[in-house]
Amino acid sequence: MDRQRIVVMVSGSGSNLHAVIDACRVGAIGGDVVGVVADRIDAYGLVRADEAGIDTELVTKHADEDRRSYDARLAGAVASFEPDWVVLAGWMRLLTLDFLGHFPDRVVNLHPALPGELPGTQAIERAWAEAQAGERAESGVMVHLVPDEGVDDGPVLGHRVVPIDASGTLETFANAIHDAEHGLLVEVLAQLCTPPADS
Ligand code: GAR
């Protein structure tokens with residue numbers, strides 16, 4: 001198996017992008033981040049990519065553009081990097097099949113909650129609120145394939161449980177979630193980019 005070509009899509013800070021770039025650089029992942037695509041000009045992930053010498057593409061949605069046209073344009077930008085894997089790492093926009101159809105079994109999403117729980121935005125804050133109400137003692141993170149337009153849903157590639165210390169703070173809980181994400185995303189990508197034992 002050749003080194004795998006990874007495109008990371010970001011909307012914000014890009015701390016998970018950073019973890020993946022570092023893991024590729026030290027050989028923990030048998031691949032390279034060959035491109036970073038963002039939908040927001042202020043996504044700090046673009047700065048991280050620039051600093052790492054990785055090509056970036058900013059694809060913002062035009063005000064008069066419908067979702068499907070945008071997704072088709074986005075797919076073109078991602079496809080130009082010829083990815084083996086497309087990683088949604090803090091990509092905060094729902095994707096239609098006009099995008100996903102270009103990369104079957106190749107789109108991987110990271111979500112800060114356990115499988116089947118808390119889809120959508122603000123999952124960390126919602127888990128914290130449930131813990132404060134005595135309704136939850138743990139949450140977690142997951143990485144899954146994105147076969148269709150389901151939100152934070154699809155075949156699970158890995159997950160980690162994160163206990164919630166309700167006497168702590170939202171900030172310490174969020175940090176624990178992000179630490180778990182960085183580890184899990186690298187672990188899953190390392191597996192995806194490793195040739196099967198008999199090859
Ligand atoms: C991460 O917590 C990721 O799981 C979440 O956005 C954050 C991005 O952090 N994604 C979702 O909530 C998707 N539904 P980062 O920009 O520092 O990597």
Side-chain angles (χ1 to χ4, degrees), residues 6-25 28-29 33 35-52 54 56-61 67 71 74 78 85-96 99-100 107-131 136 138-164 169-189:
I6 300 167
V7 170
V8 180
M9 296 174 63
V10 298
S11 300
S13 161
S15 68
N16 285 281
L17 164 68
H18 196 126
V20 172
I21 291 171
D22 284 352
C24 290
R25 293 261 154 103
I29 294 173
V33 179
V36 170
V37 175
D39 63 333
R40 298 173 54 111
I41 194 167
D42 59 352
Y44 189 67
L46 289 171
V47 176
R48 296 185 198 263
D50 275 343
E51 287 175 354
I54 294 169
T56 61
E57 194 77 51
L58 174 64
V59 188
T60 52
K61 186 171 171 300
R67 269 179 71 199
D71 279 9
L74 187 63
V78 172
W85 298 102
V86 179
V87 179
L88 310 179
W91 177 261
M92 302 310 281
R93 191 180 277 281
L94 298 178
L95 294 168
T96 65
F99 177 88
L100 297 169
V107 181
V108 172
N109 182 47
L110 171 69
H111 184 60
L114 291 170
E117 296 187 357
L118 302 166
T121 59
Q122 307 281 311
I124 299 173
E125 290 78 1
R126 284 183 285 141
W128 177 254
E130 290 180 11
R136 168 185 289 279
E138 63 184 28
S139 185
V141 302
M142 71 161 160
V143 175
H144 64 94
L145 286 171
V146 186
D148 55 33
E149 298 179 10
V151 178
D152 297 315
D153 187 30
V156 176
L157 299 170
H159 76 278
R160 285 190 187 179
V161 172
V162 177
I164 305 178
T169 64
L170 171 59
E171 189 184 5
T172 56
F173 171 56
N175 287 339
I177 287 281
H178 293 311
D179 284 349
E181 288 186 316
H182 299 162
L184 179 67
L185 185 58
V186 166
E187 181 183 296
V188 168
L189 288 174

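As the structure lists them, so they are numbered: ligands from 1, and atoms in each ligand from 1. Heads up: numbering here begins at 1 and tracks the sequence.
Of the candidates Pro112, Gly12, Ser15, it is Ser15 that places a heavy atom closest to atom 15 (P) of ligand 1.
With ligand atoms numbered from 1 in the order given, ligand 1 contributes 16 (O), 17 (O) to contacts under 4.0 Å with heavy atoms of Ser13. Ligand 1 places these atoms under 4.0 Å from at least one heavy atom of His178: 2 (O).
The environment of Arg40 atom CZ is sparse: at most 12 non-hydrogen atoms of other residues, nucleotides or ligands sit within 6.0 angstrom.
Counting only distance, with no hydrogens or angles, the side chain of Ser139 and the backbone of Ala127 share no donor-acceptor pair below 3.5 Å. In this structure, Asp152 contributes its side chain and Gly120 its backbone to a donor-acceptor pair below 3.5 Å. The backbone N or O of Ala52 sits less than 3.5 Å from a side-chain atom of Arg25, completing a donor-acceptor pair.
The shell of residues lying under 4.0 angstrom from ligand 1, judged by heavy atoms, excludes His18. Not close to ligand 1: Gln122, with no non-hydrogen atom less than 4.0 angstrom away. For the pair Gly14 and ligand 1, a heavy-atom separation below 4.0 Å is found. In this structure, Gly120 has a heavy atom closer than 4.0 Å to ligand 1.
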Between Leu100 and Asp71, is a side-chain contact (heavy atoms from CB on, under 4.5 Å) present by the stated rule, with each step listed?
CA-CA 9 Å; Leu100 297 169; Asp71 279 9; over 6 Å; no
Would you sort out whether Ser13 and His18 count as a side-chain contact (heavy atoms from CB on, under 4.5 Å), showing the intermediate values?
CA-CA 9 Å; Ser13 161; His18 196 126; over 6 Å; no
**Report entry** Val87 vs Val7, side-chain contact (heavy atoms from CB on, under 4.5 Å): CA-CA, chis, key distance, verdict
**Finding:** CA-CA 6 Å; Val87 179; Val7 170; over 6 Å; no
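Only the side chain of Asp152 comes within 4.0 Å of ligand 1, counting heavy atoms alone; its backbone N, CA, C and O stay farther away.
Atom 8 (C) of ligand 1 has its closest protein heavy atom at Gly90 CA, 3.5 Å. For atom 3 (C) of ligand 1, the nearest non-hydrogen atom of the protein is Glu181 OE2, 3.3 Å.
Annotation: Asn16 places an N or O atom under 3.5 Å from an N or O atom of ligand 1; distance criterion only.
A salt bridge is defined here as a Lys NZ or Arg NE, NH1 or NH2 lying under 4.0 Å from an Asp or Glu carboxylate O, and Glu117 with Arg136 meets this definition.
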